[in-house]
There are 2 protein chains.
Amino acid sequence: MARPRQALLTRERIVEAAAVLIDAEGLDACSMRRLATELGVQGPSLYNHFATKAEIVDAVAEAVVAQVDISVFRGNDWREGLRLWAKSYHAVLAAHPHIVPVLATGPGRRPAGLAMAEAVYGALIEAGWSRARATHIGALMRYLITGSALGSFALGFEADPDLYDRFPHLHRAHELAAHRAAVDEGAFELGLDLLINSLSDRYDQGVRR
Amino acid sequence: MARPRQALLTRERIVEAAAVLIDAEGLDACSMRRLATELGVQGPSLYNHFATKAEIVDAVAEAVVAQVDISVFRGNDWREGLRLWAKSYHAVLAAHPHIVPVLATGPGRRPAGLAMAEAVYGALIEAGWSRARATHIGALMRYLITGSALGSFALGFEADPDLYDRFPHLHRAHELAAHRAAVDEGAFELGLDLLINSLSDRYDQGVRR
DNA sequence: TGTAAAAACTTACGCCGCTAGTTTAAGCAC
DNA sequence: GTGCTTAAACTAGCGGCGTAAGTTTTTACA
């Protein structure tokens with residue numbers, strides 16, 4: 001096939017297919033040849049639309065970040081804005097776990113990432129936090145959110161009870177996997193509560209830097 | 001060469017070489033052929049000592065986790081134990097950043113990971129925290145530590161000021177990279193303070209579940 | 001002393017990201 | 001309308017990857 005009358009590929013179609021493939025089968029499954037096959041095309045044809053595979057994966061990451069609700073900072077106290085944004089971010093990452101390593105590792109200089117940074121940082125600055133502290137708080141929230149999305153803490157303990165013979169306090173650790181969602185969500189919620197409440201206390205005491 | 005009189009490889013030598021290679025050039029540089037070359041051997045020879053590449057990388061991760069100081073829980077209040085352990089963990093990951101994605105993503109069922117879980121969880125239980133809360137606190141600390149080790153928040157904002165024209169609050173974001181260490185460390189320290197202090201407050205008020 | 005296992009080797013398979021060069025259609029200038 | 005450039009598909013192929021299979025030689029033990 002030479003050039004078709006109607007283009008088979010667009011950047012949008014490629015990113016959409018890559019996102020579906022990554023969600024369904026993970027990052028490793030998303031090879032250029034496999035992705036091309038899903039789109040009914042040969043592998044190298046993708047290079048007519050993206051220079052590298054990394055660009056495609058980045059675009060998928062960008063599309064995921066764009067789903068986070070940053071409108072919550074408008075019309076809400078900074079505390080409530082932070083809490084609602086964090087929950088939205090957390091939910092988006094939970095819905096697309098396979099792309100999280102890309103978000104957590106790489107820089108956030110894509111447009112949606114910058115828009116999010118602007119919203120978070122702006123809300124903190126306008127609430128009266130110092131620039132340095134606002135930066136710290138933003139980074140800290142990112143640590144909690146991406147850290148919790150990266151891997152299940154509960155699933156880290158496998159179902160074989162014998163593994164824990166040498167560790168008396170862990171003798172029931174194998175039960176964790178069964179309560180995976182509750183454990184992981186509980187830890188995230190606790191972290192969010194602790195961080196926002198203690199920041200709120202400092203703020204109310206006038207400590208804003 | 002057939003079987004040599006003195007074995008050229010041992011599991012220890014392989015893991016050591018892999019750790020050095022990963023620290024120096026990153027995970028991608030640590031291919032079986034490259035690692036074998038460093039050891040003066042052909043690629044497939046490694047399979048006489050490890051079944052898969054993943055086993056080698058896991059062993060490197062295990063060796064890194066084993067460097068974390070878990071003795072700090074003995075003879076210290078749970079608060080101080082938690083703080084010192086977190087700082088030690090943080091420092092170890094900062095010294096070996098390339099292996100962090102392996103630790104953050106995968107399960108922690110290697111011996112050193114279990115010993116660490118036992119120490120953290122045990123200290124919390126013996127202090128009087130409920131099993132559920134102790135689990136949450138352990139998970140939460142992991143989120144903060146691995147999240148902060150995964151990538152520099154400050155470096156996420158590149159040096160081109162023009163990028164931030166559309167984001168008024170970010171107009172000085174390009175300066176962050178220059179203060180990378182201070183920003184990233186400040187955020188981690190803030191997180192540690194906030195979490196431990198607010199947990200301490202709850203504890204002192206008798207809220208331990 | 002004979003045999004089995006260990007630890008190196010060579011060869012090779014099927015993937016991977018990506019480059020180069022080819023073919024045909026589309027879009028535009030004259 | 002004709003010709004030129006560009007776009008978007010193709011095929012072929014490079015070097016690298018993890019790893020399987022089979023070979024050779026040495027060691028350790030019955």
Side-chain angles (χ1 to χ4, degrees), chain A residues 1-62 98-99 101-102 105-107 110, chain B residues 1-62 98-99 101-102 105-107 110:
Chain A
M1 190 196 318
R3 178 176 183 179
R5 286 150 203 284
Q6 176 69 28
L8 302 177
L9 300 176
T10 63
R11 287 175 67 96
E12 289 69 29
R13 282 199 66 217
I14 293 171
V15 173
E16 170 65 20
V20 168
L21 188 49
I22 290 171
D23 277 347
E25 304 185 36
L27 269 178
D28 288 349
C30 187
S31 72
M32 294 300 266
R33 288 170 175 86
R34 171 70 192 281
L35 177 56
T37 299
E38 299 289 328
L39 288 158
V41 127
Q42 298 298 318
S45 299
L46 297 169
Y47 289 94
N48 285 312
H49 303 269
F50 287 92
T52 64
K53 177 183 176 178
E55 276 190 16
I56 298 178
V57 175
D58 268 10
V60 172
E62 168 77 2
H98 292 137
I99 198 72
V102 178
T105 308
R110 305 168 206 106
Chain B
M1 190 195 319
R3 176 175 182 177
R5 286 151 203 285
Q6 176 67 25
L8 302 177
L9 300 176
T10 62
R11 287 175 66 96
E12 289 69 29
R13 282 199 65 218
I14 293 171
V15 173
E16 170 63 21
V20 169
L21 189 49
I22 290 171
D23 277 346
E25 306 187 35
L27 269 179
D28 288 348
C30 186
S31 72
M32 294 300 267
R33 287 171 176 86
R34 172 71 192 280
L35 177 56
T37 299
E38 299 290 328
L39 289 159
V41 125
Q42 298 298 317
S45 298
L46 298 168
Y47 288 94
N48 285 312
H49 303 267
F50 286 93
T52 64
K53 177 183 175 178
E55 276 189 16
I56 297 178
V57 175
D58 268 12
V60 172
E62 168 77 0
H98 293 137
I99 198 71
V102 177
T105 308
R110 305 168 207 107

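Only this structure's heavy atoms are used, side chains among them; waters, hydrogens and symmetry mates stay out.
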**Item:** Whole angstrom value for the distance that separates P of D:dA9 from CG of A:Leu9
**Value:** 4 Å

**Item:** Euclidean distance, A:Thr52 OG1 relative to A:Asp58 CG, rounded to 0.5 Å
**Value:** 7.5 Å

**Asked** Rounded to the nearest Å, what distance is computed from the CG atom of residue A:Leu46 to the P atom of nucleotide D:dA7?
**Response** 17 Å

**Message:** Nearest 0.5 Å, please: how far is CD in A:Glu55 from CD1 in A:Ile14?
**Reply:** 11.0 Å

**Message:** So for B:Arg33 and D:dG18, does any side-chain atom that can act as donor or acceptor lie under 3.5 Å from a complementary atom in the base?
**Reply:** yes

**Prompt:** How close or far is atom P of D:dC10 from atom CG of A:Leu39, stated in whole angstroms?
**Reply:** 11 Å

**Request:** Could you check how far CD of B:Gln42 sits from P of D:dT23, rounded to whole Å?
**Result:** 19 Å

**Prompt:** Checking all strands, does B:Pro44 fall into the base, sugar-phosphate, or nothing category for heavy-atom contacts under 4.0 angstrom?
**Reply:** base

**Item:** Straight-line distance of B:Arg33 CZ to B:Leu35 CG, nearest 0.5 Å
**Value:** 12.5 Å

**Fill in**
Residue pair B:Pro4/B:Ala29 against DNA chain D: nearer the 5' end by closest nucleotide is B:Ala29

**Request:** Identify, between A:Asp28 and A:Ala51, the residue whose nearest nucleotide on DNA chain C lies closer to the 5' end.
**Result:** A:Asp28

**Request:** Looking at every strand, decide which applies to A:Ser31 at a 4.0 Å heavy-atom threshold: base, sugar-phosphate, or nothing.
**Result:** sugar-phosphate

**Asked** Would one find a side-chain N or O of A:His49 under 4.0 angstrom from OP1 or OP2 of D:dA9?
**Response** yes

**Complete:** Its 5'-most and 3'-most nucleotides having an atom under 4.0 Å from a non-hydrogen atom of chain B, DNA chain C is contacted over C:dA5 to C:dA12

**Prompt:** How long is the line joining CG of B:Leu8 and C1' of D:dT27, in whole Å?
**Reply:** 14 Å

**Request:** Any chance you could measure B:Met32, atom CE, to B:Thr37, atom OG1, to the nearest 0.5 Å?
**Result:** 12.0 Å

**Complete:** Heavy-atom nearest pair, A:Cys30 first then A:Ala18, reads SG-CB, 4.2 Å

**Request:** Rounded to the nearest 0.5 Å, what's the gap from CD on B:Glu38 to CD on B:Glu16? Could you check?
**Result:** 12.0 Å

**Prompt:** For the atom pair CG (A:Leu8) and CZ (A:Arg13), what is the distance rounded to the nearest 0.5 Å?
**Reply:** 7.5 Å

**Prompt:** Rounding to a whole Å, what distance do you find between B:Lys53:NZ and D:dG18:C1'?
**Reply:** 8 Å

**Residue closer to the 5' end of DNA chain D, B:Gln6 versus B:Cys30 (nearest nucleotide)** = B:Cys30

